[in-house]
Amino acid sequence: MKPAVLTCALTGPLATKADNPALPTSPEEIAAAARDAHAAGAAVVHVHLRDADQRPTADLKIARRTVGLIEESCPALVQLSTGVGLGVSFEDRARLVETRPAMATLNVCSMTFGAGEFSNPPDAVRRLAYRMGELGVKPELELYDTGHLEVALALHAEGLLQEPLQFSLVMGVSGGMPARPATLVSLIERMPEGSVWQVIGIARHNLPMTAIGLAMGGNARTGMEDTLMVRRGQPASGNGELTARLAEVARALDRPPATVEQAVERLQLDRASVSSSGKAA
């Protein structure tokens, strides 16, 4: 079987150091976490940004500094989140693609997200998809519910997304799809041939759902955005520990973690965009 592209989601928008002191929040801490995750087997790091008060931010200066420090610390591919946080406007979130990362998230639908609302207006999503195409930023299509796949496929039919489509199947968010194998199978069966996909299991679902996804031939994500615990009652010591655990599962399934070069090929990223990511003025 093919090597597995492992992604580590370093921070996320919700948790704080009060939840787990190991959570990285400053640009320097996030870069150090990226280095640890890459050393443990992650070819991709998924990046949320925090301000000096640990709050989610779409500040372009913080984005450029954080991405720059990550690039100095390790060769992992940077995937910048445009989800940012529930309290940040879509317009501010969308501007993050102007930093020209190799990849960025494209959240295709609004939804109830826990006790909050995750707003992704249809016309604004279309504009962002078009702008990402102009800039050569690869969209990572985050699907939080089963019907989100049809919306993503409609964007593709409109010519706003280019193949191969890259899906992240987020399972276990309150308000989204359940973390069940049958749900995963249904989504995979409906994807266009040649699509690239990974499983993201939230909280207690992280390890079992990513293991199932790896066994089915997909890629997988872990990290402190997805779970703060390495096992019940034991907080994770950091992103490196969570990545090492997932890499061990991948190797046991004869799916060794992909190198950065293998990830570029598997995700069919534009090599010029990879080499120039984070360097926009």
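Numbers for residues simply follow the sequence, beginning at 1. Remember, predicted model here, so these are calculated numbers, not experimental data.
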Shortest non-hydrogen contact from Pro164 toward Gly194 | CB-O, 3.5 Å
So, do Gln268 and Lys138 sit near enough that their side-chain heavy atoms are less than 4.5 Å apart?
-> no
If only atom types and distance count, is the side chain of Arg221 paired as donor or acceptor with the main-chain N or O of Val44 below 3.5 Å?
-> no
Following the transitive rule for hydrophobic clusters with a side-chain heavy-atom cut-off under 4.5 Å over Ile, Leu, Val, Met, Phe, Trp and Tyr, establish whether Phe113 and Val88 coincide in one cluster.
-> no
Minimum heavy-atom distance Val67-Leu80, with the two atoms named | CG2-CD1, 4.4 Å
In terms of hydrophobic clustering (I, L, V, M, F, W, Y; side-chain heavy atoms under 4.5 Å; direct or indirect links), are Leu141 and Met132 co-clustered?
-> yes
With side chain to side chain contact (heavy atoms under 4.5 Å, CB included) as the test, would you mind laying out the steps for His205 and Met171 before giving the verdict?
-> CA-CA 8 Å; His205 304 295; Met171 312 189 80; over 6 Å; no
Is the CZ atom of Arg180 crowded by more than 12 outside heavy atoms at less than 6.0 Å?
-> no
Among side-chain atoms of Asn107 and Arg93, is any donor-acceptor pair under 3.5 angstrom?
-> no
Quick one: pull up CG in Leu128 and CZ in Arg95 and give me the separation to the nearest 0.5 Å.
-> 12.0 Å
State, to 0.1 Å, how close Ala76 and Ala42 come at their nearest heavy-atom pair, and which atoms those are.
-> CB-O, 4.4 Å
So Arg65 and Glu28, salt bridge (Lys or Arg N to Asp or Glu O under 4.0 Å) or not? Walk me through it.
-> CA-CA 9 Å; Arg65 175 165 173 73; Glu28 293 79 10; 2.3 Å; yes
Using modelled atom types only, decide if a donor and an acceptor are shared between the side chain of Asn206 and the backbone of Thr227 within a distance under 3.5 Å.
-> no
Shortest non-hydrogen separation from Ala263 to Ala258 and the atoms involved = N-CB, 4.3 Å
Please round to the nearest 0.5 Å and tell me the distance separating atom CG of Asp36 and atom OG of Ser237.
-> 9.0 Å
Check: Pro139 and Leu161 side chains under 4.5 Å, non-hydrogen atoms | yes
Does the side chain of Met177 reach to within under 4.5 Å of the side chain of Asp145, using non-hydrogen atoms?
-> yes
Distance-only, no hydrogens or angles: does the Arg50 side chain make a donor-acceptor pair with backbone N or O of Gly12 under 3.5 Å?
-> yes
When rounded to the nearest 0.5 angstrom, what distance separates OG in Ser174 from OH in Tyr144?
-> 13.5 Å
Distance-only, no hydrogens or angles: does the Thr82 side chain make a donor-acceptor pair with backbone N or O of Thr105 under 3.5 Å?
-> yes
Residue pair Gly217 / Trp197: nearest heavy atoms and the distance that separates them | C-CZ2, 4.2 Å
Between the CG atom in Leu169 and the OG1 atom in Thr183, the distance rounded to the nearest 0.5 Å is 10.5 Å
Quick check: does any side chain N or O of Arg255 sit under 3.5 Å from a backbone N or O of Gly218, one acting as donor and the other as acceptor?
-> yes
Under the salt bridge (Lys or Arg N to Asp or Glu O under 4.0 Å) test, residues paired with Glu29 that sit two or more places apart = Lys17
Considering all heavy atoms, the nearest His148-Met111 contact | CE1-SD, 4.1 Å
Do Val47 and Leu60 share a hydrophobic cluster (ILVMFWY, side-chain heavy atoms under 4.5 Å, transitive)?
-> yes
May I ask you to decide if Val230's main-chain N or O and Arg245's side chain share a donor-acceptor pair within less than 3.5 Å?
-> yes
Please go through Leu253's hydrophobic cluster and name the other residues, only I, L, V, M, F, W, Y counting, with side-chain heavy atoms under 4.5 Å joining them.
-> Leu6, Leu207, Leu214, Leu246, Val249
Can you tell me how far the OG1 atom of Thr99 sits from the NZ atom of Lys61, to the nearest 0.5 Å?
-> 15.0 Å
When rounded to the nearest 0.5 Å, the distance separating OG1 of Thr222 from CG of Leu242 is 4.5 Å
Flag, side chain of Asp19 to backbone of Thr16, donor-acceptor distance under 3.5 Å = yes
Whether Asn239 side chain and Met224 backbone form a donor-acceptor pair below 3.5 Å | yes
Residue set satisfying salt bridge (Lys or Arg N to Asp or Glu O under 4.0 Å) with Glu140, at least two apart, ordered chain then number -> none
Answer yes or no: is there a side-chain heavy-atom contact under 4.5 Å between Leu86 and Glu117?
-> no
Val97 and Val125: same hydrophobic cluster, using ILVMFWY side-chain contacts below 4.5 Å?
-> yes
Heavy-atom donor-acceptor pair, Ser110 side chain to Asn120 backbone, under 3.5 Å | yes
Assess the side chains of His46 and Thr7: does a donor N or O sit below 3.5 Å from an acceptor N or O?
-> no
How about Glu150 and Arg190: do any of their side-chain heavy atoms sit closer than 4.5 Å?
-> yes
Single-linkage hydrophobic cluster Val84~Val45, side-chain heavy atoms < 4.5 angstrom = yes
Determine yes or no for a side-chain-to-main-chain donor-acceptor pair under 3.5 angstrom, with Asn219 supplying the side chain and Val5 the backbone.
-> yes
For side chain to side chain contact (heavy atoms under 4.5 Å, CB included), just list the numbers for Val185 and Met216, CA-CA rounded to whole Å, side-chain angles, deciding distance to a tenth of an Å, and then say yes or no.
-> CA-CA 9 Å; Val185 171; Met216 293 179 66; 3.8 Å; yes
Less than 4.5 Å apart, any side-chain heavy atom of Glu134 and any of Arg131?
-> yes
Trace of the side chain to side chain contact (heavy atoms under 4.5 Å, CB included) decision for Leu153 with Leu165 = CA-CA 9 Å; Leu153 296 180; Leu165 301 181; 4.0 Å; yes
Could Arg55 and Asp53 be called an ion pair, given the rule that one side-chain N must be under 4.0 Å from one carboxylate O?
-> yes
Carefully, step by step, assess Asp59 and Leu49 under the rule side chain to side chain contact (heavy atoms under 4.5 Å, CB included).
-> CA-CA 8 Å; Asp59 184 282; Leu49 307 165; over 6 Å; no
Under a 4.0 Å N-O cut-off, is there an ion pair linking Arg251 with Glu248?
-> no
